[in-house]
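Notes for the one structure printed next.
The sequence lines fix the lettering, A, B, ..., with proteins before strands; numbering per chain opens at 1.
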Amino acid sequence: MNIRKVGVIGAGTMGQGIAEMLAFKGLDVYVTEQSADRLSQAMSAIELSLDKQIEKWALTQAEKKLVLNRIHPIQKLSDLSGCELVIETITEDLDSKKIVFDQLDRLCGPNVILASNTSTLSLTELAGVTAYPERVIGMHFVYPVMKTDLVEIVRGLKTSDDTFNKTKEFVEDVIQKKGVMVFESPGFVTTRLICLFINEALHVLEEGVASAEDIDSAMRIGYSFQHGPFEMADRFGLDSVLAALDRMFREYGELKYRPSIVLKKMVRAGHLGIKTGIGFFNYDKDGDRI
Amino acid sequence: MIVLVMNAGSSSLKYQLYNMKNEAVLAQGRVERIGMDSSIVTHEPTDKPEVRQVSEILDHNTAVRKVIDLLTHAEHGVLKAMTEIKAVGHRVVHGGESFKQSTVVTPEVKLEIRKLFDLAPLHNPPAMMGILAVEANLPGVPQAVVFDTAFHQSMPQESFLYPIPMVLYRRHKIRRYGFHGTSHDYVSHKAAEVIGQPLKSLKLVTCHIGNGASCTAILEGKSFDTSMGLTPLEGLMMGTRSGDMDPAIVPFTMNKEDLTLSEVSSMLNKHSGLQAISGLSSDMREITDAMKEGDKNAKLAFDMYTYRLRKYIGAYAAAMNGIDAIVFTAGVGENSSVVRKAVVDGITFLGAELDDARNDVRSKEARFISTDASRVKVLVVPTNEELLIARDTYNLVKTK
């Protein structure tokens, strides 16, 4: 099977990144959002991101045009019926995702792969609402999608070998990222390990052992992380980190996943990181540290 | 014998059909935007009007079928049946160290080309797709492959090795390969013909300057050194490529500007050269036009471009301990008399003297542009890589 048309449902931070990356790799991408307003916002955000890449010499004007021409905003879910792969990236809420999968299942032929970019939810449960659960799989991209060459390919209980192999081939040959096979488990590998890392950093901060700046420097320079735990959290969105920890805490029932009080407080204050301009550090509208 | 020449890129396929009896082009054309639903086919039969079609061509296989259909089409075609095509020659960019000359396609050859994907990830895979597509659509027709690097395989070690740990050469075959080999090969033979001396007795510097640009020192008819290296980024300043620079600039810039590997590679390949310095265009015609209107940045880009070309010619004259002729070819080399003048007027010490009137003549013929008294001959020789591919293919298949 040759995947050339890919649907992306939900054009938030991850959806935008995925759509942009797929179009950059030469695929035709069909993007949909809840409202026309949000969709046009997402398209402008993608254009802005491409402009930022031109500034960094990663792209030429001509290439930007080509990439944008391959991204097609669509109004109705039914416009996705010509896609060979559909990636869902809506908000991390099981019930909303179930509604989407139920609709997709009826819209798309049984050979179309239905993937979810969920980082913590159960694929088996999502697949449960479909008539062909064997074609449901997880494709968990890591932020920022353009630069991070990793996809966790997550197998639910009923995901078929065929679906997994096609997805792996797509990830490695077409979009040229490393695909790691992960069996369904809350947080998979990446979210589970990185959220624990961030949570422990928060405890270290709470205990007054070191400042956020110094903790970040220690981990960044000492262990070659691109960003320290706090800047990382700011970039993911503190609300997303909190939601992931909450869910893992519920699923595993282990105290190590219990979100730090500082994190909860910041989310309640609306200090969500880059997207609000303030988190553990301050950011300008381009997302650069001030 | 009818020979089809193909040049497959990642989303394009160019073709020319030759009758080798008189080396006449029967038709040529190109398929663009392969893989998209609005692919464009432009077909130019030699004695018939041009045809342009837009349709969905999703892969090279379909593109090849389309080309064969057009070549044998009742109205636009030039052949009665596809069985008239007796051989197909392909341009392959990278032949690594495995291919020192053109060769007939066999299963072993295909395997070897596959092994070289690593060295030319953008160029070799589409060539392979072209070969497979011809196999599927013209079963049993012999195919040949002609490599851009093969001509330069004659370089001695001191030219092709880089002074970095030898283990990198042994492990990854990191060395100078050089490109545009077919063109340097073709124009050197043609130049010797025009000069009227055996190629073996001449010391030549051939300058293939088009969108990409490279210089080759040709000694005893063989490539002795060439300006492009492991990749086509090294050497002369080009339209959007930097050419030579201090390699330390790469990590330094990555650090200062927080760039990733792909960003810095894109910067050097697509955002440098004439484009970067002029801030205007990567096209030498636009640069020279702007220069005439007094644009300072265009003038600077032009000066840097021609200065670097002079340095290479001087270096190669020293490398060969002499020089008998300089040959200009490809888009800029064949058409830009101002570039040629700026280059040659700056190296008169070598014994090159430009005849301004000859230099200003526009022609499709191979010709002298130096004065009769000039000790070093300067020539313009229009390149014809497709013809060389057709000839190699014909010669390989004919003897089989």
With a sphere of 6.0 Å drawn around [atom1] of [X], does it hold more than 12 non-hydrogen atoms of other residues, nucleotides or ligands?
X	atom1	result
Y132(A)	OH	no
Y30(A)	OH	yes
R285(B)	CZ	no
F117(B)	CZ	yes
K52(A)	NZ	yes
Q226(A)	CD	no
D118(B)	CG	no

Query raised in the report: What pairs with K14(B) under salt bridge (Lys or Arg N to Asp or Glu O under 4.0 Å), at least two apart in sequence or on another chain?
Result: none
Given that the side chain runs from C-beta out, which part of [X] has a heavy atom under 4.5 Å from chain A: side chain, backbone, both or neither?
X	result
L268(B)	neither
N269(B)	neither
T260(B)	side chain

Report task. Look at K270(B), E263(B), H271(B), M267(B) and state which one has the largest set of heavy-atom pairs under 4.5 Å with chain A. Result ->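 Looking at each of K270(B), E263(B), H271(B), M267(B) in turn, H271(B) comes out on top.
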Report task. Enter the distance from S262(B):OG to M146(A):CE here, rounded to the nearest 0.5 Å. Result -> 8.0 Å
Query raised in the report: Say you draw a straight line from OG of S266(B) to NZ of K56(A); how long is it, rounded to the nearest 0.5 Å?
Result: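 Here the interatomic distance stands at 12.5 Å.
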Query raised in the report: Do you know which two heavy atoms are closest between R4(A) and L58(B), and how far apart they sit?
Result: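 That closest heavy-atom pairing would be NH2-O, 3.1 Å.
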Query - Segment of E63(A) engaging chain B (4.5 angstrom heavy-atom cut-off) - result: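 The side chain, not the backbone.
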Query raised in the report: Using a heavy-atom distance cut-off of less than 4.5 Å, which residues of residues 236-257 of chain B contact chain A?
Result: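 Near chain A, by residue number: E257(B).
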